[in-house]
Amino acid sequence: MWQELLKVMRTIDDRIVHELNTTVPTASFAGKIDASQTCKQLYESLREAHASRDRVIKNCIAQTSSVVKRLREEREKNLDDLTLLKQLRKEQTKLKWMQSELNVEEVVNDRSWKVFNERCRIHFKPPKNE
C-alpha cells in the first residue's frame, strides 16, 4: 500500500517531460502561451509534491524506527520469543526499505529539476532561497 501511495505521489515527476512539452512552447509558439506563468505553476507543483513526499517518507521512517526500538527492548527482555524476533526482523527490513526510498526520492527529484531547468530556465527563475 505504501508503494502505491508513493507511485501516485510521484505522478508529477513521471509526467514532467510530457507536461513541459505540452505547456511550455517552443520558440515558434512562444507568443501564444505565457511560458513564465506555466513554468512558475509547474515549479510550485514540483516543490509541493517533493516536500509532501519527503514528509510522508520521513514520517513513516520515524514511526517504523519507534516500532523497531520498542521491539528491540521487548526482545532484550524475552530472548526466547521467536515470534517477537520474526516481527523485529520484519520491521527492520521495512525500515531499511523506507530509508532506501529516500535515495530513490533524491534521484527522482534531481531528474525532475534537471528537466524543468532545461525547459524553463529562460522563462522562470526560482527564488534564490529555495
What's the separation between atom [atom1] in [X] and atom [atom2] in [Y], rounded to the nearest 0.5 Å?
X    : Y    : atom1 : atom2 : result
I12  : E48  : CD1   : CD    : 8.5 Å
E105 : D13  : CD    : CG    : 7.0 Å
R119 : F124 : CZ    : CZ    : 16.0 Å
S36  : Y43  : OG    : OH    : 15.0 Å
Q99  : L102 : CD    : CG    : 7.5 Å
R121 : H123 : CZ    : NE2   : 9.5 Å

query: Any side-chain heavy-atom pair from V67 and L95 closer than 4.5 angstrom?
result: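 No; the side chains remain at least 4.5 Å from each other.
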Sub-4.5 Å side-chain heavy-atom contact between N109 and R53: yes
query: Hey, are D110 and K114 close enough for a salt bridge, meaning a charged N less than 4.0 Å from a carboxylate O?
result: no
- prompt: Does the distance from a Lys or Arg side-chain N to an Asp or Glu carboxylate O, for R111 and E118, drop under 4.0 Å?
  reply: no
message: Is there a path of hydrophobic side-chain contacts, each under 4.5 Å between heavy atoms, that joins I122 and L46?
response: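 No, I122 and L46 fall in different hydrophobic clusters.
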task: Group every Ile, Leu, Val, Met, Phe, Trp and Tyr by side-chain heavy-atom contacts under 4.5 Å, then state whether V108 and V56 land in the same group.
output: no
Shortest non-hydrogen separation from [X] to [Y] and the atoms involved:
X    : Y    : result
V115 : I16  : CG1-CG2, 4.2 Å
W113 : H50  : NE1-ND1, 3.1 Å
R10  : E101 : NH2-OE1, 3.0 Å

task: Could I get the full list of disulfide (SG to SG under 2.5 Å) partners for C120, not counting sequence neighbours?
output: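 With sequence neighbours excluded, C120 shows a disulfide (SG to SG under 2.5 Å) to C39, given in chain and number order.
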- line: So disulfide bond (SG atoms under 2.5 Å apart) across residues 43-83, not counting sequence neighbours, yields none
field: Listed once per pair and sorted, the side chain to side chain donor-acceptor pair (under 3.5 Å) pairs that draw on residues 60-78, sequence neighbours left out
entry: N59-Q63, R70-E74
Using atom types as modelled, flag every donor-acceptor pair under 3.5 Å from a side chain in residues 80-87 to any protein atom, sequence neighbours excluded.
residue : atom : partner : partner atom : Å
D81     : OD1  : T83     : N            : 3.1
D81     : OD1  : L84     : N            : 3.1

- prompt: Side chain of S52, backbone of A49: donor and acceptor closer than 3.5 Å?
  reply: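 A pair under 3.5 Å: no.
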message: Can you list everything that forms a salt bridge (charged side-chain N to carboxylate O under 4.0 Å, His left out) with K125? Sequence neighbours excluded, please.
response: none
field: Remaining members of hydrophobic cluster (4.5 Å side-chain criterion), V107
entry: none
